[in-house]
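Working notes, structure below.
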Amino acid sequence: MLTEYVLSDADFTAISSLINEAAGITLQPSKKTLVYSRLVKRLRATGVDNFTSYRKLLEHDRAELTHMVEALTTNTTSFYREPHHFQHLEGYLRTQILPAARAGAPVRIWSAACSSGEEPYSTALTVLSAFASVPAADVKILATDINTSIVEKAKRGIYSAAAAERVPLSALKSHFDPVNDQPEPAFSIGKRVRELVHFRTLNLQGAWPMKNAFDVIFCRNVMIYFSQETQSQLWQRFANVLKPGGILYIGHSERVAGPATALLQNIGPTTYLRQTGGRS
Ligand SMILES: C[S@@+](CC[C@H](N)C(=O)[O-])C[C@H]1O[C@@H](n2cnc3c(N)ncnc32)[C@H](O)[C@@H]1O
């Protein structure tokens, strides 16, 4: 398997600490084979002939550091992943948010670590369904990810027929357009859905420039890559940017921990309610 190049423990450790600094991602030694297979193409692309030269290149080449982060992040996602979140969201929007939205209150949702867009677009479809009676509601879905290439893909909003299979037929008919210029059958996200979603590149480890608090945050299947300490800090930051009464959805194998547990009450599977209370 590991034949073309040698990834020594020292090079693996150096690369691990660079990605930890850049993206907060913790790489266990068990990930060595994965790191090798993901980075081999970067060695070929940059023309360096061993991992030691590659990690030295990373120390001063910011663009390559970005390529390295993109190569090592996992972008697995799907439409309506963990469907119970979207069922909960639909009920929450209808019962808790609709009256205020009808009266003109802004509704703000954040898909943090949105990958190729299936999560925020599923959210937009849920909003359109829940707010069918308030077509002019002021709703914005912010969708962010550290990986600029995946954000560009998300913005294009074109998905294979296989990916779109998870979308209910009625939503597919109303909010997707068939695309004929792709090698395989595909669908493009329709205008009404696109208008709700605003994509940005954002590293969760850095500053968050958003000024207003959110009604709902999705932060799913990214915390698993971070250390316990980083997770604990991020849960607190999410609690701080959620409106009291707002909802946080997290990944199926994740759990809110640390001081944020005082502010985020677990109200269902991987679903948390922001309690009334101060920011810290
Ligand atoms: C497995 S995907 C999860 C996508 C979606 N939330 C879901 O659950 O289907 C993890 C995403 O986290 C992003 N990511 C990793 N580290 C990040 C960081 N420090 N800041 C923002 N996004 C990050 C990756 O680029 C990737 O798109």
Side-chain angles (χ1 to χ4, degrees), residues 15-28 31 34-35 38-39 42 62 65-86 88-89 109-126 141-157 159 162-167 197-210 214 216-238 241 247-256 269-272:
I15 288 168
S16 301
S17 79
L18 285 169
I19 195 164
N20 187 259
E21 232 170 82
I25 292 169
T26 302
L27 291 174
Q28 301 301 334
K31 299 286 181 201
L34 178 128
V35 168
R38 298 250 184 115
L39 291 186
R42 294 310 315 158
R62 300 292 305 170
L65 189 67
T66 302
H67 287 306
M68 186 271 281
V69 170
E70 295 192 359
L72 290 182
T73 45
T74 297
N75 304 119
T76 309
T77 187
S78 56
F79 284 105
Y80 295 94
R81 185 179 195 182
E82 294 162 54
H84 64 96
H85 284 159
F86 297 95
H88 182 275
L89 176 66
I109 301 177
W110 181 15
S111 166
C114 65
S115 189
S116 41
E118 287 89 332
E119 179 178 281
Y121 288 135
S122 302
T123 306
L125 290 164
T126 306
I141 300 165
L142 173 68
T144 64
D145 199 282
I146 195 173
N147 183 331
T148 303
S149 313
I150 208 81
V151 170
E152 288 307 316
K153 184 173 180 220
K155 273 189 204 165
R156 281 195 295 280
Y159 298 96
E165 257 174 29
R166 288 172 176 256
V167 178
V197 186
H198 305 264
F199 288 102
R200 301 278 180 276
T201 299
L202 181 90
N203 183 350
L204 289 171
Q205 307 298 317
W208 298 353
M210 302 79 88
F214 294 93
V216 174
I217 296 176
F218 284 80
C219 181
R220 308 188 308 166
N221 306 304
V222 62
M223 288 290 200
I224 36 169
Y225 301 109
F226 303 151
S227 69
Q228 293 298 326
E229 191 191 345
T230 301
Q231 290 186 25
S232 173
Q233 287 162 1
L234 284 172
W235 295 133
Q236 186 66 47
R237 291 178 75 191
F238 281 118
V241 297
I247 299 290
L248 171 69
Y249 298 111
I250 72 172
H252 56 91
S253 57
E254 298 164 338
R255 186 175 62 88
V256 170
T270 53
T271 303
Y272 291 80

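Order of appearance sets the numbers: ligands from 1, and atoms from 1 within every ligand.
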Using the benzene-type ring in the case of Trp, are the ring centres of Phe79 and Tyr159 under 6.0 Å apart? yes
Determine, using ring centers only, whether Trp235 and Phe226 are less than 6.0 Å apart. no
What about Ile25: any of its N or O atoms under 3.5 Å from an N or O on ligand 1? no
Which of the numbered atoms in ligand 1 are below 4.0 angstrom from a heavy atom of Arg220? 3 (C), 5 (C), 6 (N), 7 (C), 8 (O)
Thr76 contact mode with ligand 1 (heavy-atom cut-off under 4.0 Å): backbone
For Ser115, atoms of ligand 1 separated by under 4.0 Å from a heavy atom: 4 (C), 27 (O)
Cut-off 3.5 Å, side chains only: do Thr77 and Glu118 have a donor facing an acceptor? no
dist Glu70:CD -> Leu65:CG (nearest 0.5 Å) comes out at 10.5 Å
Geometric N/O contact Tyr225 with ligand 1, under 3.5 angstrom: no
Closest non-hydrogen protein atom to atom 20 (N) of ligand 1, residue and atom name please, with distance? Leu204 N, 2.9 Å
For ligand 1, does Phe226 get within less than 4.0 Å through its side chain, its backbone, both, or neither, judged by non-hydrogen atoms? side chain
Can you tell me which residue and heavy atom of the protein come closest to atom 22 (N) of ligand 1, and the distance to 0.1 Å? Ile146 N, 3.3 Å
Before giving the answer on ring-ring contact (aromatic ring centres under 6.0 Å, His included), spell out for Tyr249 and Tyr272 the whole-Å C-alpha distance, their side-chain angles and the decisive distance to 0.1 Å. CA-CA 6 Å; Tyr249 298 111; Tyr272 291 80; 9.7 Å; no
To check your reading of the model: name the closest protein heavy atom to atom 7 (C) of ligand 1, its residue, and the distance in Å. Arg81 NH1, 3.2 Å
Under 3.5 Å, is there a donor-acceptor pair linking the side chains of His252 and Arg220? no
Taken to the nearest 0.5 Å, the spacing of Ile250 CD1 from Ser253 OG works out to 8.5 Å
Select the closest option to atom 6 (N) of ligand 1 among Ala154, Gly24, Ala113, judged by heavy-atom distance. Ala113
Does only the side chain of Thr74 get under 4.0 Å from ligand 1, or the backbone, or both, or neither? Count heavy atoms. backbone
Would you please indicate if the ring centroids of Phe199 and Tyr121 are separated by under 6.0 Å? yes
Atom 9 (O) of ligand 1 sits nearest the protein heavy atom Thr77 OG1, 2.6 Å
Considering only the protein, which heavy-atom contact is closest to atom 15 (C) of ligand 1, and what is its distance? Val222 CG2, 3.6 Å
Any donor-acceptor N or O pair under 3.5 Å, side chains Ser227, Thr230: yes
How about Phe86 and Phe218: are their ring centroids closer than 6.0 Å? yes
Distance-only N or O hit between ligand 1 and Ala23, under 3.5 Å: yes
Checking heavy-atom distances from atom 24 (C) of ligand 1 to each of Ile19, Leu202, Asp145, Asn147, the winner is Asp145
Here the atoms of ligand 1 under 4.0 Å from any heavy atom belonging to Glu119 are 5 (C), 6 (N), 7 (C), 8 (O)
Just checking, any donor-acceptor pair under 3.5 angstrom between side chains of Arg38 and Thr74? yes
What residue and heavy atom of the protein are closest to atom 8 (O) of ligand 1, and at what distance? Asn221 ND2, 2.7 Å
